[in-house]
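Counting begins at 1 with the first residue of the sequence.
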Amino acid sequence: MTDSKYFTTNKKGEIFELKAELNNEKKEKRKEAVKKVIAAMTVGKDVSSLFPDVVNCMQTDNLELKKLVYLYLMNYAKNQPDMAIMAVNSFVKDCEDPNPLIRALAVRTMGCIRVDKITEYLCEPLRKCLKDEDPYVRKTAAVCVAKLHDINAQMVEDQGFLDSLRDLIADSNPMVVANAVAALSEISESHPNSNLLDLNPQNINKLLTALNECTEWGQIFILDCLSNYNPKDEREAQSICERVTPRLSHANSAVVLSAVKVLMKFLELLPKDSDYYNTLLKKLSPPLVTLLSGEPEVQYVALRNINLIVQKRPEILKQEIKVFFVKYNDPIYVKLEKLDIMIRLASQANIAQVLAELKEYATEVDVDFVRKAVRAIGRCAIKVEQSAERCVSTLLDLIQTKVNYVVQEAIVVIRDIFRKYPNKYESIIATLCENLDSLDEPDARAAMIWIVGEYAERIDNADELLESFLEGFHDESTQVQLTLLTAIVKLFLKKPSETQELVQQVLSLATQDSDNPDLRDRGYIYWRLLSTDPVTAKEVVLSEKPLISEETDLIEPTLLDELICHIGSLASVYHKPPNAFVEGSHGIHRKHLPVQHSSIDTGESPVSSGPAANIEQTHVIPSQGDLLGDLLNLDLGPRSTCPRCPPCRWGLWTLTVLIACNSVLLLQVWLPAVKAKGLEISGTFTRRQGQMYMDMTFTNKALQHMTDFAVQFNKNSFGVIPTSPLPVHTPLMPNQNIELSLPLNTIGPVMKMDPLNNLQVHTAHETKSKAVILTFFPIYFSERQVFLATWKDIPNENELQYQIKECHLNADTVSGKLQNSNIYTIAKRNVEGQDMLYQSLKLTNGIWILAELRIQPGNPNYTLSLKCRAPEVSQYIYQTYDSILKT
């Protein structure tokens, strides 16, 4: 008979009967009673009152009964901590039992009983089990240390268990090694800055030896540990890759993804022109393809990981695009993911196949899938210019089907194609206008309105078309209202005599009849532009638009690098870093891809090795976008309500401030009083004890006091943001000034500015009359930190040379001056009488610069060679050098 009978009883007085049976002299009766207790506990009944009786059953040689008692103890020890102490002697005794299974069972249960009163009694038994002769006991004890650390971290460290765990990495049994690695990895997550694993070539060799012999989950622990190691050179990286590559053929998909993660990280360290690098890329392809033959759920996880891999290294799967063609029986979530990867792999070589597939998908019955297929055709047109005409033709064929959702999606993507290829496909506008009445979705209506407004001069009845949208203005979504407002303003600027009444109508609707602040503010901006300076309005509203990006949905490069380090985990499925969805008190250590350690040719620029092994990879700065969101997103502090006030005056002017890191520059007037309703702001940047500050003086030149000051920085090239609010706690009276020091850091959002060192700052204050005065002023800065990178890896065309003239300093003085400003000399040598200084800088946004400074004794003109991946920064670095050396 099976054990299911224990779950069917429902008698009254059951606890009393169980108590009697637990104290029965016969072993079989006691065993049956404990099974009944466990069954009752499993279905949610409270059997905690039987705790002392169950504990008494621990004294038995029967392994099955002992397991059941231990299971009961793990469940109820928290509720009965005083009673649980009764079991301590049994644990200690079982840890010395001749049977290794009982010893391991005892140590496993000890780790699961989360009671502080008991843990101190268990240190000695655990220490013995960590050195047990049986590997099964040792591997169980290793996991127990991690559990104990979660309960009482200080005790684990004091008792030396961490050292014992590190010793187990050299154990002869591979499963012991794997569990020791797993325990140390878990503990190190709560101590992100500690080096618990102490990864060195010797330990890495031991882990690689154990990798071939342990179980699949042990292999995952070891591979995850290997992915955190930074090899000292490309030879070591290649050696590790060779020993990890066989794991790609493992039957367990988790092992395969962990191996892919290791190889993807170490590929960063291999020279791209080497044979092994190309061989490794070819070896990565088959296992990824094989993962797509599993269950749909496994396929989805594999596809989410492949999506990241393709964004980082599309060459791995560029020949395998057919694998991602959708099958008729694929679940929708697999179809959508395959479609996304297909577009990423689309190229001129395979675009014909891809378009044929996408056109087929657009006739499917699943609406979401059809929509994405139509969007994919538009993305192909934007990505592969040679295919644009064919894509537009395909979209027109789909519009002719008159299927409502297909037509609407096609119009949305055609708008993007117009943005990418202006003045090329406008001949199809007439066809689009024929379908205007069938548009009922906000995205499609907004796209059609944008097209009509953008090409109003080519559409004879553009005013009639836009007026038809205006009839139901208040019923439209905000997106449509904003687009319609802009389109009618464009139409007015192109045909002013015919549309004056129409533009007045839409401005009135937007500013007077609307409760939406975004719409109202945009209406006021247009109204003032048109009424004060129509020429400027035309320059602003009809200005040439930047071409849209080929891949607008690519993951930001630094986030992508971090997600590559988490392949095979939830982070790679969510496409979010762990700290975005993991709750807990422990800080999560952010991972980064390793930096290639190639050295510079001795003949050119010998750079000594230095503390740069863990430097982050270069950021690619996102392009500057629309600043409207930043301008209107100012936090004015803790006030819960704000009186409605007239629209604010905006001022924009230019001030150049070039910063030498540790020097103090004189205060300059950044914001004159006449442009800010009486508030004058002077300021400069300084660095004190490694911290960057913006020192400012606020002067009230108005006739009334000012309160509630606030400041906000726009996104900028270096991620500079204030670390605290403005420290102004008292009103600023007329003719008074106040000196402020605002600490800054460089962890804010990064966006490429033009010019690169442009910092746009907003300030706000409130006057006595409760009018909130907003002001806007740009500041230019340059901030740098130390880094060491490679001269070879940066293309030669990125090297720029400058002359620093009339500088009468010797090489040592130059080196000292620059070092005071965080520009460090990596190496110095004398070539044919010239002093050559090789220097490194790292900007706060992650851009690295290598500098070579040539100083000829007796010649006041120095030659500065700069090399970096973003050549546009070189001009500012040269200006900074010039400023430092001549100050």
**Q** Kindly give the heavy-atom pair with the smallest separation between G218 and A178, and that separation in Å.
**A**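 Here G218 and A178 meet closest at CA-CB, 3.5 Å.
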**Q** Are any non-hydrogen side-chain atoms of N305 and V260 less than 4.5 angstrom apart?
**A**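 No. Closest side-chain heavy atoms not under 4.5 Å.
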**Q** Taking all heavy atoms of P296 and all of Y333, pick out the closest pair and write down the distance.
**A**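 Closest heavy-atom pair between P296 and Y333: CB-OH, 3.5 Å.
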**Q** From L248 CG over to L280 CG, what is the distance, rounded to the nearest 0.5 angstrom?
**A**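 CG of L280 is found 8.0 Å from CG of L248.
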**Q** Identify whether the distance between the nearest side-chain nitrogen and carboxylate oxygen of R127 and E124 falls below 4.0 Å.
**A**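 Yes, charged N to carboxylate O under 4.0 Å.
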**Q** If I compare all heavy atoms of A104 with all of T140, which pair ends up nearest, and what's the gap?
**A**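 Smallest heavy-atom distance, with atoms named: O-CG2, 3.5 Å.
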**Q** Counting heavy atoms not belonging to K318, are there more than 12 under 6.0 Å from its NZ?
**A**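 Not more than 12 within 6.0 Å, no.
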**Q** Can you confirm whether F221 sits close enough to S258 that some side-chain heavy atom of one is under 4.5 Å from a side-chain heavy atom of the other?
**A**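 Not in contact.
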**Q** Ion pair present between K147 and E186, side-chain N to carboxylate O less than 4.0 angstrom?
**A**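 No salt bridge links K147 with E186.
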**Q** For the CD1 atom of I204 and the CG atom of L199, what is their distance to the nearest 0.5 Å?
**A**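 It is 4.5 Å, given to the nearest 0.5 Å.
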**Q** V145 vs S164, test: side-chain contact (heavy atoms from CB on, under 4.5 Å). Steps then yes/no.
**A** CA-CA 10 Å; V145 173; S164 300; over 6 Å; no
**Q** Backbone N or O of S227 within a donor-acceptor pair of the K265 side chain at under 3.5 Å?
**A**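 Indeed, once roles are kept as given, a pair shorter than 3.5 Å links the two residues.
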**Q** Is the side chain of E295 donor-acceptor paired with the backbone N or O of V298 at a distance under 3.5 Å, no angle test?
**A**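 No, E295 side chain to V298 backbone: no donor-acceptor pair under 3.5 Å.
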**Q** What do the steps show when you test I240 against E236 for side-chain contact (heavy atoms from CB on, under 4.5 Å), and what is the final call?
**A** CA-CA 6 Å; I240 295 172; E236 187 183 7; 4.2 Å; yes
**Q** Show, in sequence, the C-alpha distance, side-chain angles and deciding distance for N173 and K139, and conclude whether the side-chain contact (heavy atoms from CB on, under 4.5 Å) test is met.
**A** CA-CA 9 Å; N173 186 283; K139 83 178 185 70; 5.6 Å; no
**Q** Can you tell which of V262, L226, N212, T209 makes a side chain to side chain contact (heavy atoms under 4.5 Å, CB included) with R243?
**A**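 For R243, the side chain to side chain contact (heavy atoms under 4.5 Å, CB included) test succeeds with only one of V262, L226, N212, T209, which is T209.
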**Q** Taking the side chain as every heavy atom from C-beta outward, state whether L207 and C225 have any pair of such atoms under 4.5 Å apart.
**A**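 Yes - at least one pair of side-chain heavy atoms lies under 4.5 Å apart.
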**Q** Could you tell me whether a side-chain N or O of S285 sits under 3.5 Å from a main-chain N or O of K282, the two making a donor and an acceptor?
**A**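 Flag not set: sc S285 to bb K282 has no pair under 3.5 Å.
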**Q** Counting distance only, does the side-chain N/O of H575 pair as donor-acceptor with the main-chain N or O of L563 below 3.5 Å?
**A**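 Judged by distance alone, no pair lies under 3.5 Å.
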**Q** Does Y276 have more than 12 heavy atoms from other residues, nucleotides or ligands lying within 6.0 Å of its OH?
**A**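 Yes.
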**Q** Is a side-chain donor or acceptor of Q299 paired with a backbone partner of G294 at a separation under 3.5 angstrom?
**A**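 Answer holds: yes.
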**Q** Given salt bridge (Lys or Arg N to Asp or Glu O under 4.0 Å), test E242 with K283 step by step and report yes or no.
**A** CA-CA 11 Å; E242 287 171 352; K283 286 183 179 178; over 6 Å; no
**Q** Hey, what do you get for NE2 (H149) to OG (S188), rounding to the nearest 0.5 Å?
**A**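 If I round to the nearest 0.5 Å, the distance is 9.5 Å.
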**Q** Nearest 0.5 Å, what's the CG-CD1 distance between L345 and I321?
**A**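 Output value for this atom pair is 5.0 Å.
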**Q** Could you walk me through whether L284 and L317 pass side-chain contact (heavy atoms from CB on, under 4.5 Å), step by step?
**A** CA-CA 9 Å; L284 279 169; L317 289 162; over 6 Å; no
**Q** Measuring from F266:CZ to Q238:CD, what's the distance to the nearest 0.5 Å?
**A**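 Those atoms lie 12.5 Å apart.
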**Q** Show the nearest heavy-atom pair for residues D224 and N228, with the distance to one decimal.
**A**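 Heavy atoms only, the tightest pair is O-ND2, 3.4 Å.
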**Q** Can you find a pair of side-chain heavy atoms, one from L223 and one from I220, that are under 4.5 Å apart?
**A**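 Heavy-atom side-chain distance check fails, nothing below 4.5 Å.
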**Q** State, to 0.1 Å, how close M342 and F324 come at their nearest heavy-atom pair, and which atoms those are.
**A**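 Reported closest heavy-atom pair: SD-O, 3.5 Å.
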**Q** Please check if atom CG in N329 has more than 12 non-hydrogen atoms from other residues, nucleotides or ligands closer than 6.0 Å.
**A**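 Result for CG/N329: enclosed.
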**Q** Looking at R235, is its backbone amide N or carbonyl O close enough to the side chain of S239 to form a donor-acceptor pair, meaning the two atoms are under 3.5 Å apart?
**A**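 No.
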**Q** Is the shortest side-chain N to carboxylate O distance from D561 to K312 below 4.0 Å?
**A**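 A salt bridge links D561 with K312.
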**Q** Examine distances only and state if a side-chain atom of R138 and a backbone atom of E133 form a donor-acceptor pair shorter than 3.5 Å.
**A**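 Flag set: sc R138 to bb E133 pair under 3.5 Å.
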**Q** Of the non-hydrogen atoms in I306 and L288, which two are nearest, and what is the gap between them?
**A**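 I306 and L288 have their closest heavy atoms at CD1-O, 3.8 Å.
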**Q** Is any side-chain heavy atom of H566 less than 4.5 Å from a side-chain heavy atom of P578?
**A**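 Yes, side chains in contact.
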**Q** Is there side-chain contact between I316 and M264, with at least one heavy-atom pair below 4.5 Å?
**A**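 Yes; the side chains approach each other to less than 4.5 Å.
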**Q** For the residue pair R103 and K128, establish whether any side-chain heavy-atom pair is separated by less than 4.5 Å.
**A**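 Side chain of R103 against side chain of K128, heavy atoms only: no contact under 4.5 Å found.
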**Q** Between R344 and D340, is there a salt bridge with N-O shorter than 4.0 Å?
**A**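 Salt bridge flag = yes for R344 with D340.
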**Q** How about L281 and Y277: do any of their side-chain heavy atoms sit closer than 4.5 Å?
**A**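 Yes, side chains in contact.
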**Q** Nearest 0.5 Å please: distance from the NZ atom of K261 over to the CD1 atom of I309.
**A**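 One finds 11.5 Å between NZ of K261 and CD1 of I309.
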